[in-house]
Amino acid sequence: GEPAGTAGRPILDVIEKENLRNTMVVVVRYFGGILLGAAGLRRAYAKAAAEGILTAGIATYALHEILAVTIGYGEYDRVVSCLAGAGVTVENAVYGEEVGFTIAVPLREVGQVTGRLVDITGGRARIEAQGRSYRQVKG
């Protein structure tokens, strides 16, 4: 029910100015009436969108390879330390005859991380790709 170009376009302009993707901004206006006029509505919606984005913050996501890793107990501490140094977190650890866990590695670092795992374990680490997932890297 807003006058044409006074709500959606100003909000979209803010999103585009911030170069955001996969983003949704919702602005709810409680005040009715015509006191603001079309120009005032445009400013109000743009300001609300900009303040909402600033308050919420911007999160950056990157595509990661999910790897299942199986190693011996004797290698676990060295492997976890190495992964932590590379900014990779061990997830879903299962302790059986060996230690199995998953890691999420940014695509550009998969070769380097798997190479380090092979080096540290003397080639004994079993590494299997489990698919890909977007993970938050900033924000």
Side-chain angles (χ1 to χ4, degrees):
E2 300 291 357
T6 60
R9 185 74 245 177
I11 293 169
L12 182 59
D13 288 344
V14 172
I15 292 170
E16 289 175 342
K17 179 182 170 210
E18 294 292 334
N19 197 29
L20 301 176
R21 300 289 177 263
N22 301 317
T23 301
M24 179 175 73
V25 174
V26 177
V27 177
V28 177
R29 182 168 73 100
Y30 290 102
F31 175 73
I34 57 172
L35 296 178
L36 294 176
L41 283 173
R42 281 191 292 276
R43 283 191 302 274
Y45 277 105
K47 181 179 178 186
E51 287 178 3
I53 291 168
L54 181 64
T55 301
I58 298 172
T60 302
Y61 288 77
L63 190 58
H64 286 61
E65 187 77 41
I66 308 303
L67 302 174
V69 180
T70 305
I71 58 174
Y73 279 92
E75 299 157 330
Y76 184 72
D77 288 337
R78 284 180 305 174
V79 167
V80 170
S81 177
C82 170
L83 292 172
V88 176
T89 304
V90 171
E91 303 171 351
N92 308 314
V94 175
Y95 304 94
E97 288 183 27
E98 297 179 295
V99 182
F101 54 87
T102 57
I103 56 175
V105 182
L107 287 185
R108 67 184 180 282
E109 298 173 18
V110 170
Q112 179 182 354
V113 169
T114 56
R116 293 275 302 160
L117 286 171
V118 169
D119 288 346
I120 287 175
T121 63
R124 291 180 299 276
R126 292 191 307 279
I127 304 166
E128 297 178 28
Q130 300 293 301
R132 294 181 173 173
S133 172
Y134 280 92
R135 299 291 181 101
Q136 187 170 336
V137 293
K138 182 178 133 185

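For this chain, numbers begin at 1 and follow the sequence in order.
Nearest heavy atoms, Pro106 versus His64: N-CD2, 3.2 Å. Shown here for Ala129 and Leu67, the closest heavy-atom pair between the two residues is CA-CD2, 3.9 Å. Nearest heavy atom pair, residue Val137 against residue Ala62, reads CG1-CB, 3.9 Å. What you find for Ala93 and Phe101 is that their closest heavy atoms are CA-CB, 3.9 Å. Across all non-hydrogen atoms, the minimal contact from Ala49 to Val27 is N-CG2, 4.2 Å. Nearest heavy-atom pair, Ile103 versus Thr89, reported as atom, atom and distance to 0.1 Å: CG2-O, 3.8 Å.
The hydrophobic clustering, which links ILVMFWY residues whose side-chain heavy atoms are closer than 4.5 Å, places Val80 and Val118 together. Using a 4.5 Å cut-off between side-chain heavy atoms of Ile, Leu, Val, Met, Phe, Trp and Tyr, with links allowed through other members, Leu63 and Val105 fall into different hydrophobic clusters. Linking ILVMFWY residues whenever their side-chain heavy atoms come closer than 4.5 Å, directly or via other members, leaves Leu54 and Ile15 in distinct clusters. Criterion: ILVMFWY side-chain heavy atoms under 4.5 Å apart, direct or through other members. Under it, Val94 and Tyr76 are not part of a common hydrophobic cluster.
For residues 75-85, the pairs satisfying salt bridge (Lys or Arg N to Asp or Glu O under 4.0 Å) are Glu75-Arg124, with sequence neighbours left out.
Counting non-hydrogen atoms of neighbouring residues, nucleotides and ligands closer than 6.0 angstrom, the CD atom of Gln112 reaches no more than 12 such neighbours. More than 12 heavy atoms of other shown residues, nucleotides or ligands fall within 6.0 angstrom of atom CD in Gln130.
Val69 has its side chain out of reach of Thr114: every pair of non-hydrogen atoms, C-beta onward, lies at least 4.5 Å apart. Side-chain contact between Val14 and Val25 is absent, with no heavy-atom pair separated by less than 4.5 Å. In this structure the side chain of Arg135 reaches within 4.5 angstrom of the side chain of Ile66, judged on heavy atoms.
The salt bridge (charged side-chain N to carboxylate O under 4.0 Å, His left out) search around Arg43 returns none, not counting sequence neighbours.
Between the side chain of Tyr45 and the main chain of Gly40, no donor-acceptor pair closer than 3.5 Å is present. In this structure, Thr23 contributes its side chain and Arg21 its backbone to a donor-acceptor pair below 3.5 Å.
Ion pairing of Lys17 with Asp13 is absent here, as no side-chain N (NZ or NE/NH1/NH2) approaches a carboxylate O to less than 4.0 Å.
Here the CD1-CD distance, from Ile58 to Glu18, works out to 5.0 Å after rounding to the nearest 0.5 Å. Atom CG of Leu83 is separated from atom CD1 of Ile120 by 7.0 Å, given to the nearest 0.5 angstrom. The CD atom of Glu65 sits 14.0 Å away from atom CZ of Arg108, with the distance rounded to the nearest 0.5 Å. Here the CD atom belonging to Glu97 is positioned 9.0 Å from the OH atom belonging to Tyr73, to the nearest 0.5 angstrom. Atom CG in Leu117 sits 13.0 Å away from atom CZ in Arg126 (nearest 0.5 Å). Taking CG of Leu12 as the reference point, atom CZ of Arg9 lies at 4.5 Å (rounded to 0.5 Å).
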